[in-house]
Amino acid sequence: MPANLRVFLTAQQIHDRIQELGTEIDADYPEGPVYLIGILKGACIFLADLARALKTAARIEFIGISSYGRGKTTSGQVKLTKDLDVSIEGHDVLIVEDIVDSGVTLTYLMQVLAQRRPKSLRIATLLDKPERRLRPVEVAYVGFRIPDEFVVGYGLDYAEDYRNLKDICILG
Ligand code: IMP
Ligand code: MG
């Protein structure tokens, strides 16, 4: 592992917490199917594990959003780079995100998806950095609340690197 990385959450800790989230989500959506909408690319690994932690029926979709350039802070501008291929009207929808930081991305996405009249619309995020919030967002399921550190691994990148690390690490 490069010297500028410190393990913050181990693969085991992440796995255990996702099982707990799965149990919570199962209890809230006993009927199914729940539409899991992963935000590319960071959420893909979390989504893959969360989907398998569920007993309730789930469908998997992806949406592309860009708000960050190659740096560590938001550009403040959000746009849809890949839309859904399906209609979510009348369905239970869970947006699956890797990390909520300023809240700009999810505020935008909640607005866009709410217009499509899903039966319900909630957010599940693996990580939350509440100190950094610029826009209030209601997050129904949070894996870990973390301090204001830049983290990579388990889907999260810095300039497209480190997404395939098994642990979540602080990039120093
Ligand atoms: P927000 O719009 O500021 O909430 O941005 C959320 C997005 O910023 C996430 O989906 C990540 O792609 C990225 N991001 C925020 N904090 C981090 C971090 O610590 N590591 C890697 N990506 C981050
Ligand atoms: Mg992201």
Side-chain angles (χ1 to χ4, degrees), residues 1-15 17-18 21 25 34-51 53 60-84 88 93-116 121-172:
M1 178 169 299
N4 57 341
L5 295 178
R6 270 183 295 139
V7 175
F8 179 68
L9 293 166
T10 64
Q12 186 66 53
Q13 287 174 301
I14 299 166
H15 173 270
R17 182 64 186 127
I18 291 175
L21 289 177
I25 294 168
V34 47
Y35 280 60
L36 303 177
I37 300 189
I39 306 183
L40 294 169
K41 295 176 249 182
C44 71
I45 294 178
F46 173 43
L47 186 144
D49 284 343
L50 183 66
I60 296 179
E61 302 291 340
F62 289 98
I63 201 161
I65 290 217
S66 76
S67 62
Y68 273 61
R70 290 171 60 85
K72 289 184 181 176
T73 53
T74 182
S75 66
Q77 291 202 336
V78 191
K79 65 171 197 233
L80 213 61
T81 55
K82 182 207 170 292
D83 204 342
L84 296 172
I88 54 167
V93 173
L94 197 52
I95 299 173
V96 179
E97 176 60 309
D98 50 4
I99 185 164
V100 188
D101 188 42
S102 69
V104 170
T105 305
L106 282 171
T107 301
Y108 168 79
L109 192 57
M110 285 293 275
Q111 231 176 339
V112 169
L113 295 185
Q115 285 169 5
R116 302 182 186 181
L121 181 60
R122 286 185 179 164
I123 297 168
T125 186
L126 180 63
L127 304 175
D128 182 14
K129 284 196 238 180
E131 285 169 48
R132 302 253 313 161
R133 203 71 93 250
L134 297 175
R135 306 269 172 82
V137 236
E138 197 187 317
V139 186
Y141 308 97
V142 177
F144 301 92
R145 292 204 167 76
I146 68 166
D148 181 12
E149 300 275 5
F150 197 83
V151 289
V152 295
Y154 198 77
L156 293 134
D157 74 308
Y158 175 60
E160 297 302 326
D161 284 330
Y162 310 116
R163 290 195 199 274
N164 62 323
L165 297 178
K166 289 188 173 68
D167 304 313
I168 291 176
C169 300
I170 293 179
L171 182 64

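The residues of the chain are indexed from 1 along the displayed sequence. Each ligand, and each atom within it, is numbered from 1 in the order the structure gives.
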Assess Arg133 for proximity to ligand 1: is some non-hydrogen atom of it under 4.0 Å away?
-> no
Under a 4.0 Å N-O cut-off, is there an ion pair linking Arg133 with Asp101?
-> no
Test log, rule side-chain contact (heavy atoms from CB on, under 4.5 Å), inputs Ile88 and Leu113 = CA-CA 8 Å; Ile88 54 167; Leu113 295 185; 4.1 Å; yes
Go through the steps to decide whether Asp167 and Arg6 satisfy the test salt bridge (Lys or Arg N to Asp or Glu O under 4.0 Å), and finish with yes or no.
-> CA-CA 10 Å; Asp167 304 313; Arg6 270 183 295 139; over 6 Å; no
For Glu97, atoms of ligand 1 separated by under 4.0 Å from a heavy atom = 9 (C), 10 (O)
Between Asp49 and Tyr154, do the side chains contain an N or O donor and an N or O acceptor separated by less than 3.5 Å?
-> yes
When you look at CZ of Arg145, are more than 12 heavy atoms from neighbouring residues, nucleotides or ligands closer to it than 6.0 Å?
-> no
So, are Lys41 and Glu160 salt-bridged, with charged N and O less than 4.0 Å apart?
-> yes
So do Leu127 and Asp98 actually touch side chain to side chain, heavy atoms under 4.5 Å?
-> no
Any N/O pair Val100/ligand 1 closer than 3.5 Å | no
Provide the number and element of each atom of ligand 1 under 4.0 Å from a heavy atom of Thr105.
-> 1 (P), 2 (O), 5 (O), 6 (C)
Is the NZ atom of Lys82 crowded by more than 12 outside heavy atoms at less than 6.0 Å?
-> yes
Going by the order shown, which atoms of ligand 1 are within less than 4.0 Å of some heavy atom of Glu149?
-> 19 (O)
Looking only at distance, does Val151 have an N or O less than 3.5 Å from an N or O of ligand 1?
-> yes
Please confirm whether Lys129 comes under 4.0 Å of ligand 1, counting heavy atoms of the residue only.
-> yes
Worked verdict on Leu126 versus Ile99 for side-chain contact (heavy atoms from CB on, under 4.5 Å) | CA-CA 6 Å; Leu126 180 63; Ile99 185 164; over 6 Å; no
Decide whether the shortest distance between a heavy atom of Asp157 and an atom of ligand 1 is less than 4.0 Å.
-> yes
With a 4.0 Å cut-off on heavy atoms, is Gly42 touching ligand 1?
-> no
Heavy atom of Leu156 under 4.0 Å from ligand 1?
-> yes
Numbered in order shown, the ligand 1 atoms found under 4.0 Å of a heavy atom of Ser102 are 1 (P), 2 (O), 3 (O), 4 (O)
Closest to atom 11 (C) of ligand 1 by heavy-atom distance, out of Leu109, Asp101, Ile99, is Ile99
Enumerated ligand 1 atoms positioned under 4.0 Å from heavy atoms of Asp98 | 9 (C), 10 (O), 11 (C), 12 (O)
Where ligand 1 meets Gly103 - atom numbers and elements under 4.0 angstrom, heavy-atom basis = 1 (P), 3 (O), 4 (O)
